[in-house]
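Within every chain, numbering begins at 1; the chains are lettered A, B, ... in the order of the sequence lines, protein sequences first and strands thereafter. All figures in this text were calculated on a predicted structure; none of them were measured in a lab.
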There are 2 protein chains.
Amino acid sequence: MSGAPVRVVLADDERMVRTALRVILDAEEGIEVVGEATTGAEAVSVVRELRPDVVLMDVRMPEIDGIRATEQILATLEDPPRVVVVTTFENDAYVYDALHAGAAGFLLKRAAAEELVQAVRLVACGDSLLYPAAVRTLAAEHAARQPARAPAWVARLTDREADVLRLMAAGLTNAEIAGRLSVGPATAKTHVAAVLAKTGARDRTQAVIAAYESGFITPG
Amino acid sequence: MSGAPVRVVLADDERMVRTALRVILDAEEGIEVVGEATTGAEAVSVVRELRPDVVLMDVRMPEIDGIRATEQILATLEDPPRVVVVTTFENDAYVYDALHAGAAGFLLKRAAAEELVQAVRLVACGDSLLYPAAVRTLAAEHAARQPARAPAWVARLTDREADVLRLMAAGLTNAEIAGRLSVGPATAKTHVAAVLAKTGARDRTQAVIAAYESGFITPG
DNA sequence: CGGGTTCTCCCCCGCGCGGCGGAGGCGGAT
DNA sequence: ATCCGCCTCCGCCGCGCGGGGGAGAACCCG
């Protein structure tokens, strides 16, 4: 815990921001700012060279944005540093992207100095962290991932047609669907035809796509 | 900030836990435990009556679990309190459920006393919060939505075959794929056949299903 | 009672699809 | 210089699929 200091690299295109971060972090014991970068591309090469423990990565940067830079760092380096994505606005959609890219944390620039320091220490210990307000964004996205996206046609499906669509989305042929539902092949075809009509699909493949895209069935 | 104290209700079926929480929180200035509940149903009625600012809600409780109780509280009360879901194990799938139910935070019972206090203060201010380890769960779920679950066959696809699979998953016929890629129909068929072979699919529909299930393409 | 909906089943037809084998060119690796 | 992987294309064949009809039985609801 109190061994070697945490080595930090700052990536931000604005000098003032870098300076502010450096001042805050350098004042802390056990934290050492070892490098800076002003573009995403530079961030990747600086990190590759200096091998810091933590990277504070701005989102909006020239050449390569912080999200892509994060992806590249995590994809190309072995034993990569922990990346904390930093941005200005909390309503940024970047929260999701940052986590998706493998970021260990997400901070707003308006965060207090103590929050920043705590963030660096936390991720250096292997923990993850999100700026509280960002959690709301994430939670909201999570919650929103369920409703809304159910097109009208889903409700118009009869029970039987819904069964058939599920089996179609399981990759079954008409004959197999008939067998699974214990009905004649002709009946299965009729239901499939009805599903195609209601989904507006040209063939069973498009129907399955519609089933996925509408959330009627979900991967995993 | 330092006006009226934060009024807290504790909902947990274990007396020891309630006592522990009460001792910790009552020792803090500006925080007042105004009520307790031992079941989910009781939690709902107690909250309805006492109108606290914050509810510490256990997950596992008799009658109604904490998740459903949270849902009911947030759905039926106007100007509802902020609910922090508390549980014992961090590998609980409840993190997701809790956020989905509208919880403002997620804490583990092993959290330090200071974390607990900070959590109450934070959510009382309107911020959200997650126990750091819980963030990992959430972030991992988010991140896991892409990598890992990429079966071996994804990597074995050639660039061209990946293009073709994407178009297949867009619902195009062989002829349309050929047109889109500016190649002959025979070539498109060859690539499709290769995709079917590598995905282990019997027909294009199963290939598209594999594409979704593997995360090769994502809904939305 | 009649009308609507749903589920069931049948016919024929055309065609896209998938399986089969073969072939030539082109670039990188050995 | 040789092999191998990838992309490109060609034929043939069988079959499942989708489109077009029609039809009977059960059910609910007004």
Residues in side-chain contact (heavy atoms from CB on, under 4.5 Å) with Ala193(A), at least two apart?
none
Could you check whether any side-chain N or O of Arg204(B) sits under 3.5 Å from a backbone N or O of Gly171(B), counting only pairs where one atom can act as donor and the other as acceptor?
no
Under the side chain to side chain donor-acceptor pair (under 3.5 Å) test, which residues partner Thr199(A), sequence neighbours left out?
none
Who passes side chain to side chain donor-acceptor pair (under 3.5 Å) against Arg18(A), sequence neighbours left out?
Glu36(A)
Within residues 178-187 of chain A, the residues having a heavy atom closer than 4.0 Å to DNA chain C are Val183(A), Gly184(A), Ala186(A), Thr187(A)
dT8(D) P sits how many Å from Asp159(B) CG, rounded?
11 Å
Hey, mind stepping through Asp13(A) and Asp58(A) against side-chain contact (heavy atoms from CB on, under 4.5 Å) and telling me if it holds?
CA-CA 8 Å; Asp13(A) 59 334; Asp58(A) 186 30; 3.5 Å; yes
Calculate the interatomic distance between Leu157(A) atom CG and dC7(C) atom P; express it in whole Å.
10 Å
For His191(A) and dT6(C), give me the distance from atom NE2 to atom P, rounded to whole Å.
11 Å
Salt bridge (Lys or Arg N to Asp or Glu O under 4.0 Å) partners for Asp203(A), two or more places apart
none
For a quick test of reading the model, state the closest non-hydrogen atom pair linking Val183(A) to Ala188(A) and the distance between them.
CG2-N, 4.3 Å
Taking all non-hydrogen atoms of both residues, which atom of Arg160(B) and which atom of Leu181(B) are closest, and how far apart?
NH2-O, 3.4 Å
Under 3.5 Å, which protein N or O atoms sit close to an N or O of nucleotides 24-30 of chain C? Give each pair with its distance.
none

Test your reading of the model: is there a side-chain donor-acceptor pair from Arg7(A) to the backbone of Leu50(A), 3.5 Å cut-off?
yes
Is Ser45(B) reaching over with its side chain to a backbone N or O of Glu42(B), donor-acceptor style, under 3.5 angstrom?
yes
Residue pair Thr76(B) / Gln72(B), side-chain donor-acceptor N/O under 3.5 Å
no
Pairwise N/O distances under 3.5 Å, protein to nucleotides 16-19 of chain C:
unit_1: dC17(C); atom_1: OP1; unit_2: Asn174(B); atom_2: N; d: 3.4
unit_1: dG18(C); atom_1: OP1; unit_2: Arg204(B); atom_2: N; d: 2.5
unit_1: dG18(C); atom_1: OP2; unit_2: Arg204(B); atom_2: NH1; d: 2.9
unit_1: dG18(C); atom_1: N7; unit_2: Lys189(B); atom_2: NZ; d: 2.9
unit_1: dG18(C); atom_1: O6; unit_2: Lys189(B); atom_2: NZ; d: 2.7

Kindly indicate, with the supporting measurements, whether the criterion side-chain contact (heavy atoms from CB on, under 4.5 Å) is fulfilled by Val47(A) and Leu77(A).
CA-CA 9 Å; Val47(A) 167; Leu77(A) 275 70; 4.0 Å; yes
Mind checking side chain to side chain donor-acceptor pair (under 3.5 Å) for Thr187(A) and listing every partner two or more places apart, or none if nothing turns up?
none
Classify every nucleotide of nucleotides 22-30 of chain D by which part a protein heavy atom approaches to under 4.0 Å, writing B for the base, S for the sugar-phosphate alone and - for neither, in 5'-to-3' order.
---------
Computed from five pairs at either end and rounded to 10 degrees, the angle between the axes of the helix from dC1(C)-dG30(D) to dA29(C)-dT2(D) is 50°
Could you list the residues that satisfy side chain to side chain donor-acceptor pair (under 3.5 Å) with Arg48(A), not counting sequence neighbours?
none
Taking only residues at least two apart or on different chains, which pairs with a member in residues 175-202 of chain A satisfy salt bridge (Lys or Arg N to Asp or Glu O under 4.0 Å)?
Glu161(A)-Lys198(A), Glu176(A)-Arg202(B), Arg202(A)-Glu176(B)
